[in-house]
Amino acid sequence: MNTFNIVKQMDCLVGMNAMQAESVDLIITSPPYNLNKSYEKKTALEAYLFWQREIIQACERVLKPGGSIAYQVGSYVDDGKVYPLDCLLFATFIEFGFTPRNRIVWHFESGLHCKNRLSGRHETVLWFTKGDNYTFNLDSIRVPQKYPGKKHYKGDKKGELSGNPLGKNPGDVWIIPNVKHNHPEKTNHECQFPLDLIRPIIKALSHPNNLVLDPFMGSGTVAVAATQLNRKYIGFELLESYIKIIYERLSHVSN
Ligand SMILES: C[S@@+](CC[C@H](N)C(=O)[O-])C[C@H]1O[C@@H](n2cnc3c(N)ncnc32)[C@H](O)[C@@H]1O
């Protein structure tokens, strides 16, 4: 199986194992966090990590050399104990030969108010590449300079602009509202990530017409962003109710 612009209602391990090896340019996903959400069944942490290891191994097989994986996770919480999943999964990516590039902190300013610890206001995106010859279109995601007209005041470059006129590197802390009740992108999926988190990742880590895979599609945010940005997508999702949401969202996308 390797067609594109398809949404498959199936287990992503089965789906990925049926794909050609080294056939996708970019993987972006957010797996279940083992929190007993409506779409998952909480298991022992060891069992969850074993399953995640299988997923990461399958991702490595289908990713092209030079491709990237952006793995978006929060924390697993059990009986008041908080385990950041990026810490628990990092070594597994290294085990399968991935090269670490960034740990992007996604900071959102709202959420549940905790009583016995600080309220959680961030999750992360682990970015790894398969090898060193990877795509990174920095210019496509530059943000405005703080002082756009600032110039060198001495030396050979005196009078020239000191910052890149295309803007500055956005850095690795991104402040983006999460998709809660009044968010314009909100669907009936309870853990949707925002398009503003995904679009810069697609722009920076892939080219137009590249193939982007999301093994855990949920409401289809990655497929929507990929379509908007003229990339192809393929993805898996277990639940029919979410598949309907994905098709509904995709039916409104124009690129
Ligand atoms: C954290 S949500 C992803 C949300 C998504 N990023 C979005 O923006 O809507 C994880 C999704 O993975 C799905 N899922 C869980 N186990 C799966 C599996 N084995 N194969 C495919 N999808 C699965 C769940 O139904 C859920 O919709």
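In each ligand, atom 1 is the first atom listed, and ligand 1 is the first ligand listed. Quick note: numbers below take in every heavy atom, side chains included, and nothing from hydrogens, waters or symmetry partners. One-based numbering along the sequence shown.
Protein heavy atom in closest approach to atom 11 (C) of ligand 1: E237 OE1, 3.6 Å. Looking only at protein heavy atoms, the nearest one to atom 16 (N) of ligand 1 is L238 CD1, 3.6 Å. F216 CD2, 3.4 Å is the protein heavy atom nearest to atom 23 (C) of ligand 1. Of the protein's non-hydrogen atoms, the one nearest atom 8 (O) of ligand 1 is T221 OG1, 2.6 Å. Among all non-hydrogen protein atoms, the one lying nearest atom 20 (N) of ligand 1 is C12 N, 2.9 Å. Remark: minimum distance from atom 15 (C) of ligand 1 to any protein heavy atom is reached at P32 CG, 3.5 Å. The protein non-hydrogen atom at the shortest distance from atom 4 (C) of ligand 1 is C191 O, 3.2 Å. Residue, atom and distance of the protein heavy atom nearest to atom 10 (C) of ligand 1 are S30 O, 3.5 Å.
Of all atoms in ligand 1, listed by their number and element, those nearer than 4.0 Å to a heavy atom of M10 are 20 (N), 21 (C). Against a heavy-atom cut-off of under 4.0 Å, S219 is close to the following atoms of ligand 1: 7 (C), 8 (O), 9 (O). Counting the atoms of ligand 1 from 1 in the order shown, those under 4.0 Å from a heavy atom of Q192 are 7 (C), 8 (O), 9 (O).
Contacts of H189 with ligand 1, taken as heavy-atom pairs under 4.0 Å, involve the side chain alone. Residue contacts with ligand 1, taken as heavy atom pairs separated by less than 4.0 Å, involve M217 solely via the backbone atoms N, CA, C and O. Neither the backbone nor the side chain of Q72 comes within 4.0 Å of ligand 1, counting heavy atoms alone. In Y242, the part holding a heavy atom less than 4.0 Å from any atom of ligand 1 is the side chain.
Heavy-atom separations between P215 and ligand 1 include at least one value shorter than 4.0 Å. In this structure, P31 counts as a contact residue of ligand 1, since one of its heavy atoms falls inside 4.0 Å of the ligand.
No side-chain heavy atom of R61 sits under 4.5 Å from any side-chain heavy atom of F96.
Side-chain contacts under 4.5 Å among hydrophobic residues (ILVMFWY), followed directly or transitively, place V253 together with V7, L195, M217, V224, Y233, I243, I246, Y247, L250.
Of the N or O atoms in D11, one or more lie within a sub-3.5 Å distance of an N or O in ligand 1.
Note on ring orientation: taking the six-membered ring where Trp is involved, the planes of Y134 and F136 are tilted (angle from 30° to 60°). Relative ring orientation between H189 and Y242 is described as tilted, the plane-to-plane angle lying within the 30° to 60° band. Ring planes of Y76 and Y83: tilted class, angle from 30 to 60°.
For F90 and F128, the distance between ring centers is under 6.0 angstrom.
The pair D25-K232 does not count as a salt bridge, with every side-chain nitrogen at least 4.0 angstrom from each carboxylate oxygen. Salt bridge R101/D132: present, at least one basic N to carboxylate O contact under 4.0 Å. Between R142 and D139 there is a salt bridge, with a side-chain nitrogen of the basic residue lying less than 4.0 Å from a carboxylate oxygen of the acidic one.
Considering every non-hydrogen atom in both P148 and L161, the closest pair reads O-CD2, 3.7 Å.
Note: the hydrophobic cluster containing L49 also contains I55 (ILVMFWY, side chain heavy atoms under 4.5 Å, direct or indirect links).
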